[in-house]
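One structure is given below, encoded as structure tokens.
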Amino acid sequence: MRKKIVIISNLYPSPWEPNRATFNKQQFEHLSEHADVSILVPVAWTDWLKLPKKHKQAAVSQQGVTIRYCWSFYTPKVMRRLYSVFMLASLLLNSFTWLKQQKADVLMASWAYPEGVATAMLAKILGVPFFIKVHGSDINDYTNDKARAKQIRWACNRSQGVFSVSGELKRKLIALGVDKSKVHVVYNGVNKAIFMPNPQLTEKNTLLYVGNLKREKGIGELLEAFIALKERKFEVKLLIAGTGALLPSLEQRVKDAGVTEFVEFLGSVNHQDIAPLIQRAQLLVLPSYAEGVPNVILEALSCGTPVVASRVGGIPEILFEDCGVLVEEKNIVALTQGIELALATDWRVSAIVQMAKGFCWHKNSAQLKQLINENC
């Protein structure tokens, strides 16, 4: 019998942020092949107030999934340890009737805090089992705060199961005090119909970055490494797909270094348009400070494009020596050397694609279905 699953997560595309967390959209749409899926997307109240009325609509149906957006109260920059309580109160105020109408068999939070903790409390009120999916920063960053770490541990141990996108995140949860029997590694997938090799598009010496333009993603180090390569007369180009707070300073640095004609800022790129960019690039470069398992790396490997990435989080679990180069994070010299090595290597596209073969959304959703059925 098909279960009714309600997923609570801020990580989901919206009419005003269509490229947000497209990996969740893909996963939940594939999960809807096995269950009736509804998604409740909390939106920070400070953003909600700015939205036009047309976006504050009732639940809509897309690709077999019902989606409802709602406001979520919080106190910016203060009382962070209470964010889970604030979220619970918000959901009870604006969506409790809708939640009861869904008659959920299972709740699932996709993000440990505050969603995971709020969902644990909401599940008790509704009298249903729940699961938590963790991603990376929600564990890598938030557990550094004792109060939030305690709440995350409590919620995970009350859950029927925790879905981790990497083995490294699983180890961190166990070290936090989460029962290891509850934590299951379920790697994300890739849309194989879009992300596939296309050697005719590949432009030699073209580097690609895809992600938010913020310090923790290592985009500053990447730009400095690129400038160092240009100073050494390397014929390289850099494509930067993404937006963020660092954009003005990055543009200024490019101008000051005199490499404007070799760097292309693409802005926010729709997910379906990422594949041609990856196929165009000779290398994908992702020098993050911390990660779970970035989906863009899985997508690059599925296209047969080698990757230069930091040796952090779950990246070493998927990026082997015949698929790319691992480098030390926050290290411009190491990153420069890694890019130089990758550019000089004769990569076998077939070997890279073969490595990525197992990362598939159909496999992912089947694992989720099995784990949910086995544990509740």
Side-chain angles (χ1 to χ4, degrees), residues 19 194-215 217-244 246-288 294-310 315 319 323-327 329 331-349 352-353:
N19 298 319
I194 298 176
F195 294 93
M196 62 180 70
N198 190 344
Q200 293 181 340
L201 290 181
T202 305
E203 297 179 6
K204 189 176 181 181
N205 298 329
T206 297
L207 313 180
L208 172 65
Y209 169 87
V210 179
N212 292 326
L213 304 185
K214 59 182 183 180
R215 183 181 64 86
K217 290 295 183 180
I219 181 61
E221 285 83 353
L222 172 55
L223 186 53
E224 293 304 322
F226 176 80
I227 292 170
L229 288 170
K230 293 301 296 180
E231 290 174 346
R232 292 167 52 195
K233 309 303 181 183
F234 274 75
E235 297 295 327
V236 287
K237 296 182 294 184
L238 176 60
L239 309 177
I240 299 176
T243 60
L246 287 185
L247 178 58
S249 62
L250 293 172
E251 290 177 327
Q252 186 61 50
R253 179 67 179 116
V254 166
K255 182 178 179 180
D256 293 343
V259 294
T260 303
E261 63 180 300
F262 304 106
V263 179
E264 190 173 350
F265 290 95
L266 303 171
S268 180
V269 178
N270 291 329
H271 185 249
Q272 64 268 23
D273 297 324
I274 294 294
L277 287 177
I278 292 175
Q279 293 162 343
R280 176 182 170 188
Q282 185 176 346
L283 294 176
L284 175 80
V285 187
L286 194 67
S288 304
N295 242 61
V296 70
I297 291 183
L298 298 178
E299 291 165 347
L301 299 181
S302 292
C303 291
T305 302
V307 176
V308 177
S310 304
I315 293 177
L319 189 60
C323 302
V325 178
L326 292 169
V327 300
E329 73 275 17
N331 189 321
I332 296 170
V333 173
L335 179 59
T336 306
Q337 293 173 343
I339 294 172
E340 185 177 354
L341 173 61
L343 287 172
T345 300
D346 185 16
W347 301 99
R348 291 178 57 237
V349 171
I352 297 174
V353 173

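- Every residue two or more places apart in sequence or in another chain that forms a side chain to side chain contact (heavy atoms under 4.5 Å, CB included) with N198 is listed here: Q200, L201, Q279.
- Under the rule for a side-chain hydrogen bond (donor to acceptor under 3.5 Å, both in side chains), the partners of S268 that lie at least two apart in sequence or sit in another chain are N19.
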| said: For V263 and F265: C-alpha separation, side-chain torsions, deciding distance, then whether side chain to side chain contact (heavy atoms under 4.5 Å, CB included) applies. | reply: CA-CA 7 Å; V263 179; F265 290 95; 3.9 Å; yes
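- I240 contributes atom CD1, which lies 10.0 Å from atom CG of L207 (distance to the nearest 0.5 angstrom).
- The two residues V325 and A342 come nearest to each other via the heavy atoms CG2-CB, 4.0 Å.
- C303 and V353 get closest at one heavy-atom pair: C-CG2, 4.4 Å.
- Residues satisfying the side chain to side chain contact (heavy atoms under 4.5 Å, CB included) test with P294, not counting sequence neighbours, are L286, E291, V296, I297, I315.
- Taking every heavy atom of both residues into account, G338 and V308 meet most closely at O-CG2, 3.9 Å.
- Across all their heavy atoms, G220 and L250 have their closest contact at CA-CD2, 4.5 Å.
- Residues passing the side chain to side chain contact (heavy atoms under 4.5 Å, CB included) test with S302, sequence neighbours excluded: V190, K192, F195, A356.
- Atoms CD and OG1, on E235 and T206 in that order, are 11.5 Å from each other to the nearest 0.5 Å.
- In this structure Q252 satisfies the side-chain hydrogen bond (donor to acceptor under 3.5 Å, both in side chains) test together with D256, sequence neighbours excluded.
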| message | Could you walk me through whether E251 and L247 satisfy the side chain to side chain contact (heavy atoms under 4.5 Å, CB included) test, starting with their C-alpha distance in whole Å, then the side-chain angles of each, then the deciding distance to 0.1 Å, before giving a yes or no? | response | CA-CA 6 Å; E251 290 177 327; L247 178 58; 3.7 Å; yes
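- A 4.5 Å side-chain heavy-atom check between T202 and T305 finds every atom pair outside the cut-off.
- The two residues V285 and Y209 make their nearest non-hydrogen contact at O-CD1, 3.5 Å.
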| said: Determine whether V236 and F226 satisfy the following criterion, side chain to side chain contact (heavy atoms under 4.5 Å, CB included), listing intermediate values before the conclusion. | reply: CA-CA 8 Å; V236 287; F226 176 80; 3.4 Å; yes
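- Once rounded to the nearest 0.5 Å, the distance linking CG of L266 with CG of D273 reads 10.5 Å.
- Annotation: side chain of I219 is not in contact with side chain of L223 (no heavy-atom distance under 4.5 Å).
- With hydrogens and angles disregarded, no donor-acceptor distance shorter than 3.5 Å links the side chain of N212 to the backbone of G244.
- Rounding to the nearest 0.5 Å places NZ of K255 at 8.0 Å from OG1 of T260.
- Evaluation of the salt bridge (Lys or Arg N to Asp or Glu O under 4.0 Å) rule for E203 yields K237, R280 as partners, not counting sequence neighbours.
- Taken from CG in L335 to OG in S310, the straight-line distance is 7.0 Å, to the nearest 0.5 Å.
- Nearest heavy-atom pair, A334 versus N331, reported as atom, atom and distance to 0.1 Å: N-OD1, 2.8 Å.
- Atom CD of E299 is separated from atom NE2 of H271 by 3.5 Å, given to the nearest 0.5 angstrom.
- Counting only distance, with no hydrogens or angles, the side chain of Q282 and the backbone of K204 share no donor-acceptor pair below 3.5 Å.
- Within the 4.5 Å cutoff, the side chain of V327 has no heavy atoms near those of the P287 side chain.
- In this structure E340 satisfies the salt bridge (Lys or Arg N to Asp or Glu O under 4.0 Å) test together with R232, sequence neighbours excluded.
- Evaluation of the side chain to side chain contact (heavy atoms under 4.5 Å, CB included) rule for A257 yields I227, R253, V259 as partners, not counting sequence neighbours.
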| Are V210 and V269 close enough, and set up right, to give a side chain to side chain contact (heavy atoms under 4.5 Å, CB included), and what steps lead you there? | CA-CA 9 Å; V210 179; V269 178; over 6 Å; no
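- In this structure, the side chain of W347 does not engage the main chain of G304 through any donor-acceptor pair within 3.5 Å.
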